[in-house]
Amino acid sequence: MEQVLRYIREHLHERLSRGRLARLADLSPTRFHYVFTAAAGLAPTQYIIAQRMQRAREMLVGTGDSVKAISRSCGFADPARFSRCFHEKVGMTPGAYRRQFAQRAS
């Protein structure tokens, strides 16, 4: 699974299908889902979203990139969808997160 986890981290900006990840692991999609969930503690889709949100948090605090650019870097074609997902998972908007945590990092 380490190869798959590394691939996910390196390709967060792309569409990551379960089929593609299963082929990397040389498993059927159903078996891959089971093995990945057991190894990572999250289903593949949940893991990918968690990794995207982690990258977004890092970029919001560590760069001056726009939310639109960050959303693309994290695999979201639609910045509004990214903002909704970020708010749902993190508990605040990307802009509010940047304002709160970028000040602490300075």
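Small disclaimer: the values here were computed from a predicted structure and weren't measured. Both backbone and side-chain heavy atoms feed into the values below; hydrogens, waters and symmetry mates do not.
Remark: Ile48 CD1 to His11 NE2 distance equals 12.0 Å, nearest 0.5 Å. Note that the CD1 atom of Ile49 and the CG atom of Leu16 stand 11.0 Å from one another [nearest 0.5 Å]. Going from atom CE of Met92 over to atom CZ of Arg99 covers 10.0 Å, rounded to the nearest 0.5 Å. Leu27 contributes atom CG, which lies 5.5 Å from atom CE of Met1 (distance to the nearest 0.5 angstrom). In this structure, the separation between SG on Cys85 and CG on Asp78 is 11.5 Å, given to the nearest 0.5 Å. Here the CG-CD distance, from Leu12 to Gln54, works out to 10.5 Å after rounding to the nearest 0.5 Å.
With sequence neighbours left out, the side-chain hydrogen bond (donor to acceptor under 3.5 Å, both in side chains) criterion links Gln46 to no other residue. Checked against salt bridge (charged side-chain N to carboxylate O under 4.0 Å, His left out), Glu58 has no partners two or more places apart in sequence or in another chain. For Glu2, the side-chain hydrogen bond (donor to acceptor under 3.5 Å, both in side chains) partners at least two apart in sequence or on another chain are Arg9. In this structure Asp65 satisfies the side chain to side chain contact (heavy atoms under 4.5 Å, CB included) test together with Met59, Thr63, Ala69, Ile70, sequence neighbours excluded. Qualifying side chain to side chain contact (heavy atoms under 4.5 Å, CB included) partners for Arg18, counting only residues two or more places apart in sequence or in other chains: Pro29, Phe32, His33.
Here the shortest heavy-atom pairing between Cys74 and Arg55 reads SG-CG, 3.8 Å. Across all non-hydrogen atoms, the minimal contact from Leu42 to Ala50 is CD1-CB, 4.4 Å. Minimum heavy-atom separation, Ala43 to Thr37: CA-OG1, 3.4 Å.
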### Task
Decide yes or no on side-chain contact (heavy atoms from CB on, under 4.5 Å) for Tyr7 and Arg20, but give the supporting numbers first.
CA-CA 10 Å; Tyr7 183 86; Arg20 177 189 285 179; 3.3 Å; yes
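Legend: ring pair (Phe, Tyr, Trp, His ring centres under 6.0 Å) pairs involving residues 52-83, not counting sequence neighbours, sorted by first then second residue: Phe76-Phe82, Phe82-Phe86.
Grouping the Ile, Leu, Val, Met, Phe, Trp and Tyr side chains by contacts below 4.5 angstrom, directly or via other members, places Val4 with Tyr34. No chain of hydrophobic side-chain contacts below 4.5 Å, direct or via other Ile, Leu, Val, Met, Phe, Trp or Tyr residues, connects Ile8 to Met53.
Without hydrogens or angle criteria, Ser71 side chain to Lys68 main chain gives a donor-acceptor distance under 3.5 Å.
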